[in-house]
Amino acid sequence: MADTSGDPFRVLIACILSLRTQDTTTGPAAARLFAVAATPETMRRLPAARIAKLIYPVGFYRTKARVILGICRDLLERFGGRVPDTIDDLLTLNGVGRKTANLVVTMGFGKPGICVDTHVHRISNRLGYVRTRTPEETEMALRARLPRRFWIGYNDLLVAFGQNVCAPISPKCSTCPVRAICRRVGVTSFR
DNA sequence: AAAACGGGGGC
DNA sequence: GCCCCAGTTTT
């Protein structure tokens with residue numbers, strides 16, 4: 001992800017940028033945006049078209065510009081210009097779902113959390129680690145297993161594994177470190 | 001050229 | 001539960 005320096009607002013915005021897009025272009029896009037505006041107050045004054053141009057070419061750039069402005073307005077009107085630090089409060093922001101809320105809580109506020117993207121959801125089931133139907137169910141199941149003391153990095157590990165090894169298409173089973181405990185070595189179409 | 005891919009909202 | 005949102009990446 002982009003360098004967000006532990007600033008919850010930057011984490012939040014970077015999360016929005018990375019929704020439903022491959023995460024290679026979002027870092028530079030976030031950097032360009034933050035160079036112009038890095039707080040709800042300043043970002044809110046940017047026209048949507050300006051934001052859209054700054055964050056291009058991330059997918060959904062027009063939609064995301066609108067969402068970002070809505071979030072800035074909400075933060076200012078309902079949260080005193082601060083990013084809330086609980087899942088429940090975060091979920092009241094339009095454009096923020098469970099994945100984003102968890103990411104803000106963990107990366108922005110340094111609290112334990114589980115962010116379940118489709119990678120995490122997929123590999124957890126593919127490996128037989130859990131048996132869940134929705135990402136939310138996976139989140140709850142993984143939360144129960146979150147290491148108490150060494151939880152930092154746990155989530156990143158899952159995501160990285162899902163991106164680089166246990167990929168949705170052409171998973172690298174031949175070099176997979178957990179090949180021995182996987183029930184679906186060589187299965188390429190599991191979702 | 002075509003299909004796969006990824007969160008969230010509205011219904 | 002189903003459909004929509006727009007663009008990049010993979011096949």
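Per chain, numbering begins at 1; letters A, B, ... match sequence-line order.
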Report task. Both distances under 3.5 Å, Watson-Crick or G-U wobble: report the partner of B/dG6, or none. Result -> none
Using residues 32-39 of chain A as the side-chain source, report each donor-acceptor pair under 3.5 Å to any protein atom, sequence neighbours left out, with the distance given to one decimal.
from	atom 1	to	atom 2	distance (Å)
A/R32	NE	A/L54	O	2.8
A/R32	NH2	A/L54	O	3.0
A/R32	NH2	A/Y56	O	2.6
A/T39	OG1	A/E41	OE1	3.4
A/T39	OG1	A/T42	N	3.2
A/T39	OG1	A/T42	OG1	2.9

**Report entry** Member of A/T134, A/V116, A/T132 meeting the side chain to side chain contact (heavy atoms under 4.5 Å, CB included) criterion with A/E139
**Finding:** A/V116
Query raised in the report: Which whole-number value in Å describes the distance from A/K64 NZ to B/dG8 C1'?
Result: 11 Å
Report task. State the CZ-CD distance between A/R44 and A/E77, to the nearest 0.5 angstrom. Result -> 5.5 Å
Query raised in the report: Taking atom CZ of A/R50 as the centre, does the number of heavy atoms from other residues, nucleotides or ligands within less than 6.0 Å exceed 12?
Result: no
Query - Rounded P spacing from B/dG6 to C/dT11 in Å - result: 13 Å
Query raised in the report: Taking the C1' atom of each, how far is C/dT8 from B/dG9, in whole Å?
Result: 23 Å
Query raised in the report: Where the side chain of A/R133 is defined as all heavy atoms beyond and including C-beta, which of B/dG10, C/dG1, B/dG6 is the nearest nucleotide?
Result: C/dG1
Query raised in the report: Given atom CZ of A/R66 and atom P of B/dG7, what is their separation to the nearest angstrom?
Result: 19 Å
Query raised in the report: Between C/dT10 and B/dG7, how far is it from one P atom to the other, in whole Å?
Result: 15 Å
Query raised in the report: What nucleic acid atoms does A/L91 come within less than 4.0 Å of, heavy atoms only: base, sugar-phosphate, or nothing?
Result: nothing
Query raised in the report: Linking I/L/V/M/F/W/Y whenever their side-chain heavy atoms sit closer than 4.5 Å, directly or via other members, would A/L17 and A/M43 fall into one cluster?
Result: yes
Query - N/O (side chain, A/T118) to phosphate O (OP1/OP2, B/dG7) under 4.0 Å - result: yes
Query raised in the report: At under 4.0 Å between heavy atoms, what does A/V67 touch on the DNA or RNA strands: base, sugar-phosphate, or nothing?
Result: nothing
Report summary line: Once base and sugar-phosphate atoms are separated, protein heavy atoms under 4.0 Å mark nucleotides 4-11 of chain C, 5' to 3', with B, S and - as -BBSSS-S
